[in-house]
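Below you'll find the structure, written out as structure tokens, and then a few comments.
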Amino acid sequence: MALITLRRNFCHLSDFRIRGALAALRNHPINHVHKVSKEQLHPWFCSVQYEPFRIHFHHACYKKFHLQNGNELHPVGEPAFSQGQDWNKFEQNLKNEDEQIFYRKLNEFTSSEEVLSFIKTLETLPDAMAAGALQRICEVEKKGGDQRLPKEILESSVFQALCFQLEREPSQLSNSGLLTALQALIWLHVDTQSSLVLNLVAECQNRLKRGGLEVHDLCVLGESLIRLQGPGCVTLELIIYQLQGAKLEVFTPEDIVALYRILQACAEKVDQHQTFLNTINNFSLSIVSYLSPKSISQMLTALVVLDQAQALPLVIKLGKYVVRHIPHFTNEELRKVIEAFIYFGHNDRFFIKALERHVAAFCLTLDADVVSKIMEYCSRKLILSEPILNAVAETFVSQSEKLSPSQISELIEPFGKLNYLPPNAPALFRKLEHVLFTHFNYFPPKTLLRLLHSCSLIAHPPVNFMGKIFSPFFLQKLQGEESHLDRLSMAQLTQLFLTSVLECPFYKGPKLFRQYQVKSFLTPCCSLETPVDFHLYKSVMIGLIDLLGARSYFASKVLTPYCYTIDVEIKLDEEGFVLPFTVDEDIHK
């Protein structure tokens, strides 16, 4: 292992000598790791003018770099990093027992500048700690929402020396240090062809082939290679093969979730891994109680992507713990959980109750996409939840300006499907009408049609907009480039037209062309009528036969002139006697 000593020498430049690693640095400068464009900063090493400093390589138990005049490490023209606070003095020679203190100290820092300022004060830095420092830099930048490091960090001599230490002899790194460094570099969007990344990946592959990686290391390496090289990476198959050979009992809950994420990335090969997946699904039942809200959301997402319909026992058990964690999910995590429940058709009254409490308390602060997904869940599962619907109605009235046309449609449509009018219905429809008047042209044609059709289902026919949607211009936009309009859109248009005829006699605007009308709303697919329950229908049929004496005295599924289908029709004469359904004369009722 090498020990690196960086020694500033501002006074005796004539004494500056090139030896060992410095000669290597001059022949292969640090900034060879990446190609640098003069016009645009590369998201990694950048060319900087290095001040003279002396580097010696010696064999030692670990690498270290010694920085004399630590506060003067930055080159001329490079901004100095203020420590920002009075650090507690650290012993210059870090020993094994100091590692916890080192990492605890790292976790106190909230910026990359603070981390680098702290590193400058140290005389020695083992490789594992160097990797940990790099990881902490990435963590604080992630919290700030930045995807790339600032220029002053990239050009810092301390930062570049830190990375050079990791690049020089990756074989001396521990498994944990090696993978920690690789993870950090990937997050920084490093060029995959840089010598630093290539060296680290090559070392990981060597250890993988030797079987020197533990289960956790394999999971970390698998996810890292997916981000770096994509799911088609050849090495990934070897990682999955070794994971299949391991006993699931040695996996931590976090490792199991990571394994799901790896297999999720290779979803196109799910058939090859299905036997392994079945084993994981069965084992995962025993670890659900140990999973964090984030892990539960990720596991459910993976089950959706991998189409694990046979894993319903696992989905049901995850659902029980979702109820406990609803207040702790982030918006995105909750959205994915509900998306998974929609996919698997999961419905739990305890989940609904917990969701009602959560929505009622936080609806105004929930992300619009999450609220839309909640409404979709209620609509698909036909859940008439007044607390959720009332909260969403209030949210729409107060925040409609923040919603996109598709989000507005997703929030309003379930009211029509569930046939529910919230207490603030007048305010809701006034706001909706205002939004439509001001942004009518921004709504996609089919989205607008679904929205207006939903309003008509809850006794609020959109009379002010019927003339526009029955116009040839709108109908042409609705049809688009297709040769004909789809049947569902035609049925919705027909129902709106019948509403204007039967419920709005004062409407004198354009009528719907006959070519866009359907004869029946009951169709095998995309029906606007909900078919009667089969078991109920069968019971009614048997009862009527017993009552009337024969099947010929009533008809079923009778189409009316207004396109609706009657489940059962009985004809009576003027005296109230039942007539056979084939009779068309002397019908009084």
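Heavy-atom basis, side chains included; hydrogens, waters and symmetry copies ignored. Since the model is a prediction, treat every value here as computed from it, not as a measurement.
Ring geometry, Phe329 versus His325: the interplanar angle exceeds 60°, so the pair is classed perpendicular (tilted spans 30 to 60°). Between Phe465 and Phe440, the angle of the ring planes stays under 30°, which puts this pair in the parallel group of the 30/60° scheme.
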* Asked: Given the rule in the side chain to side chain contact (heavy atoms under 4.5 Å, CB included) test, do Ile137 and Phe159 qualify, once you have shown the distances and angles that lead to the verdict?
  -> CA-CA 10 Å; Ile137 290 173; Phe159 182 75; 4.0 Å; yes

* To do: Could you walk me through whether Asp217 and Arg207 pass salt bridge (Lys or Arg N to Asp or Glu O under 4.0 Å), step by step?
  => CA-CA 10 Å; Asp217 300 328; Arg207 298 187 190 188; over 6 Å; no

* side chain to side chain contact (heavy atoms under 4.5 Å, CB included) between Val201 and Thr235: does it pass, once the steps are laid out? -> CA-CA 10 Å; Val201 171; Thr235 308; over 6 Å; no

* Under the side chain to side chain contact (heavy atoms under 4.5 Å, CB included) criterion, do Asn390 and Glu394 qualify, and how do the steps go? -> CA-CA 6 Å; Asn390 292 345; Glu394 292 288 348; 5.7 Å; no

* **Chi angles and distances behind the side chain to side chain contact (heavy atoms under 4.5 Å, CB included) call for Phe415, Leu457** => CA-CA 9 Å; Phe415 286 95; Leu457 297 178; over 6 Å; no

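Shown are Leu196, Leu200, Val220, Leu134; of these, the side-chain contact (heavy atoms from CB on, under 4.5 Å) with Leu182 is made only by Leu200.
Under the 3.5 Å distance criterion, with hydrogens and angles disregarded, no donor-acceptor pair is assigned to the side chains of Asp369 and Ser372. For the residue pair Thr395/Gln399, the side-chain donor-acceptor check at 3.5 Å is not satisfied. With 3.5 Å as the limit, one finds no donor-acceptor pair spanning the side chains of Gln298 and Glu333. With 3.5 Å as the limit, one finds a donor-acceptor pair spanning the side chains of Gln308 and Asn281. One side chain, Ser404 or Ser406, offers a donor N or O that lies under 3.5 Å from an acceptor on the other. Gln274 and Asn278 are linked by a side-chain donor-acceptor pair at a separation below 3.5 angstrom, with hydrogens and angles left out of the test. If you check the side chains of Thr180 and Gln135, you find no donor sitting under 3.5 Å from an acceptor.
Listed for the Gln479 side chain is a donor-acceptor partner under 3.5 Å among the backbone atoms of Ser483. Side chain of Gln229 to backbone of Leu225: no donor-acceptor contact under 3.5 angstrom is found. The backbone N or O of Pro405 sits nowhere less than 3.5 Å from a side-chain atom of Ser409 that would complete a donor-acceptor pair. Proximity of a side-chain donor or acceptor of Ser456 to a complementary backbone N or O of His453 within less than 3.5 Å is detected.
Using a 4.5 Å heavy-atom cutoff, the side chains of Glu376 and Lys373 are in contact. Contact of the Cys233 side chain with the Ile226 side chain is not registered, since no non-hydrogen atoms from C-beta on lie closer than 4.5 Å. When side chains are defined from C-beta on, Ile469 does not count as touching Pro462, because their heavy atoms never get closer than 4.5 Å. Residues Thr565 and Phe521 fail the side-chain proximity criterion, which asks for heavy atoms closer than 4.5 Å. Side-chain contact between Lys381 and Ile352 is absent, with no heavy-atom pair separated by less than 4.5 Å. Using a 4.5 Å heavy-atom threshold, the side chains of Lys402 and Gln407 count as separate. Within the 4.5 Å cutoff, side-chain heavy atoms of Leu384 are placed close to those of Leu389. A 4.5 Å side-chain heavy-atom check between Leu432 and His460 finds every atom pair outside the cut-off.
In Tyr290, the OH atom is not crowded: 12 or fewer heavy atoms of neighbouring residues, nucleotides or ligands sit closer than 6.0 Å. Around the NZ atom of Lys317, the shell of radius 6.0 Å holds more than 12 heavy atoms that belong to other residues, nucleotides or ligands. By the 6.0 Å contact criterion, CZ on Arg349 is open, its count of non-hydrogen atoms from other residues, nucleotides or ligands being 12 or less. At most 12 non-hydrogen atoms from other residues, nucleotides or ligands lie less than 6.0 angstrom from NZ of Lys538.
The two residues Pro422 and Leu428 come nearest to each other via the heavy atoms CG-CD2, 3.8 Å. Closest non-hydrogen pair, Ala267 versus Leu306, comes out as CA-CD2, 4.0 Å. Of all non-hydrogen atoms in Val518 and Thr494, the two that sit nearest each other are N-OG1, 3.0 Å. Gly319 and Phe341 make their closest contact through CA-CZ, 3.6 Å (heavy atoms, listed as atom of the first residue, atom of the second, distance). Shortest non-hydrogen contact noted between Gln242 and Leu208 is NE2-O, 2.9 Å. Taking all atoms of both residues into account, the shortest heavy-atom contact from Cys378 to Leu418 is O-CD2, 4.0 Å.
Separation of atoms CG (Leu277) and CG (Asn282) is listed at 10.5 Å; rounding is to 0.5 Å. Separation of atoms CZ (Arg380) and CD1 (Ile338) is listed at 13.0 Å; rounding is to 0.5 Å. Atom CD of Glu203 and atom CG of Leu173 lie 8.0 Å apart (nearest 0.5 Å). To the nearest 0.5 Å, atom NE2 of residue His439 and atom CG of residue Leu403 are 11.0 Å apart. Separation of atoms CZ (Phe351) and OH (Tyr377) is listed at 5.5 Å; rounding is to 0.5 Å. Leu436 CG to Ile408 CD1: the interatomic distance, rounded to the nearest 0.5 Å, is 7.5 Å.
By the 4.0 Å N-to-carboxylate-O rule, Lys336 lies too far from Glu339 to be salt-bridged with it. Between Glu401 and Lys431, at least one side-chain N (NZ, or NE/NH1/NH2) sits under 4.0 Å from a carboxylate O, which counts as a salt bridge. We find that Arg227 and Glu223 are not joined by a salt bridge, their nearest charged nitrogen and carboxylate oxygen being 4.0 Å or further apart.
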